[in-house]
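To keep things clear, I will list the structure first and then write my remarks on it.
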Amino acid sequence: MPIEIERKFLVATDDWRAAVEHSEPMAQGYLVGAQALRDGSARASVRARLAGEQAWLNIKAATPGIARAEFEYAIPAGDAQALLETLCDGVLQKTRHHVRVDGVLFEVDEFEGENRDLVVAEVELPAVDAPFPRPPWLGREVSSLVRYYNVNLIAHPYRQWSPAERAAEDAAC
């Protein structure tokens with residue numbers, strides 16, 4: 001079973017921008033209702049993602065943490081567009097920037113719409129305890145905070161978080 005090991009961080013500064021290798025706009029939505037994922041009745045998230053002319057269907061275990069079972073399959077872009085338009089409870093828009101630091105790829109996501117002002121960097125690792133570079137622009141880790149999971153950002157966007165919610169997140173780190 002394929003396992004994704006991913007660490008997620010807030011971005012502290014814009015210094016990463018100088019090292020961007022490639023950027024692509026993305027749209028993604030969830031076929032399993034966000035409520036089912038939040039209330040624990042779903043065992044997996046099922047996501048459609050569209051980036052230009054490339055698209056994927058992704059199935060990921062609905063468990064918190066940095067290591068989860070994940071299956072990803074390429075699908076026709078037209079199919080992904082149809083899924084996003086007709087079967088998803090909402091669509092998340094973002095631009096993904098590819099930034100390499102000491103040979104390690106960081107994917108920096110700049111969110112749009114009701115999630116604008118949120119910038120998150122993710123790094124996929126070969127093992128849970130694998131070392132990776134910590135560039136100065138990398139902020140606090142939010143890997144275990146489900147509020148930052150994309151499925152939750154659709155249901156409760158970043159710009160709608162109250163000051164108390166943001167403070168609670170800060171205290172949890």
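One-based numbering along the sequence shown.
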Asn115 (side chain) donor-acceptor with Leu153 (main chain) under 3.5 angstrom: yes

By salt bridge (Lys or Arg N to Asp or Glu O under 4.0 Å) - contacts of Glu122 (at least two apart): Lys8, Arg96

Results of ring-ring contact (aromatic ring centres under 6.0 Å, His included) for Phe132 - residues two or more places apart only: Phe9

Carboxylate-amine/guanidinium proximity below 4.0 Å for Lys94 and Glu112: no

Inter-residue atom distance Leu83.CG - Gln28.CD, 0.5 Å rounding: 13.0 Å

Same cluster (ILVMFWY, side-chain, under 4.5 Å), Ile154 and Val120: yes

Linked hydrophobic residues, Trp56 as query - side chain contacts closer than 4.5 Å: none

Could you pull out all donor-acceptor pairs under 3.5 Å where a side-chain atom in residues 66-75 meets a protein atom, sequence neighbours excluded?
{"residue": "Glu70", "atom": "OE2", "partner": "Asn58", "partner atom": "ND2", "Å": "2.7"}
{"residue": "Glu72", "atom": "OE2", "partner": "Asn58", "partner atom": "ND2", "Å": "3.3"}

Verdict with reasoning, Val123 to Val104, per side-chain contact (heavy atoms from CB on, under 4.5 Å): CA-CA 8 Å; Val123 60; Val104 175; 3.5 Å; yes

Minimum heavy-atom distance between Phe106 and Pro133, given as atom pair plus value: CZ-O, 3.4 Å

Over all atoms of both residues, closest heavy-atom pair of Gly65 and Tyr149: N-OH, 3.1 Å

Listed once per pair and sorted, the salt bridge (Lys or Arg N to Asp or Glu O under 4.0 Å) pairs that draw on residues 149-163, sequence neighbours left out: Asp117-Arg159

Asp109 side, atom CG; Leu118 side, atom CG - distance, nearest 0.5 Å: 9.0 Å

Heavy-atom side-chain contact between Glu114 and Tyr158 under 4.5 Å: no

Interatomic distance, Arg7 atom CZ to Ile5 atom CD1 [nearest 0.5 angstrom]: 10.5 Å

ILVMFWY network linking Val151 to Tyr148, side-chain heavy atoms under 4.5 angstrom: yes

Closest heavy-atom pair and its distance - Ser143, Glu6: OG-O, 4.2 Å

Residue pair Val11 / Val108, side-chain heavy-atom distance below 4.5 Å: yes

Verify same cluster id: Ile59, Ile3 (apolar side-chain graph, 4.5 Å): no

Sequence neighbours excluded - side chain to side chain donor-acceptor pair (under 3.5 Å) pairs with any residue from residues 126-137: none

Salt bridge (Lys or Arg N to Asp or Glu O under 4.0 Å) involving Asp14 - partner list, sequence neighbours excluded: Arg17

Least distance between heavy atoms, Ala77 atom then Ala55 atom: CA-CB, 3.8 Å

Value rounded to 0.5 Å, distance of CG in Leu84 from CG in Asp79: 11.0 Å

Minimum heavy-atom distance Arg49-Ala80, with the two atoms named: O-CB, 4.1 Å

Distance-minimising heavy-atom pair for Cys88 and Gly29: SG-C, 3.5 Å

Salt bridge (Lys or Arg N to Asp or Glu O under 4.0 Å) partners of Arg100, counting only residues at least two apart: Glu21

Test side-chain contact (heavy atoms from CB on, under 4.5 Å) applied to Ala130 - qualifying residues, sequence neighbours left out: Leu125, Pro126, Ala127

Cluster check Val119, Trp161: I/L/V/M/F/W/Y, side chain < 4.5 angstrom: no

Residues that Val20 engages under side-chain contact (heavy atoms from CB on, under 4.5 Å), provided they are two or more places apart: Trp16, Ser23, His97, Val99

Shared-cluster residues of Met26, by chain and number - hydrophobic side chains joined below 4.5 Å: none

Any residue meeting ring-ring contact (aromatic ring centres under 6.0 Å, His included) with Phe111, in chain and number order, not counting sequence neighbours: none

Side-chain touch Val46/Leu57, heavy atoms, less than 4.5 angstrom: yes

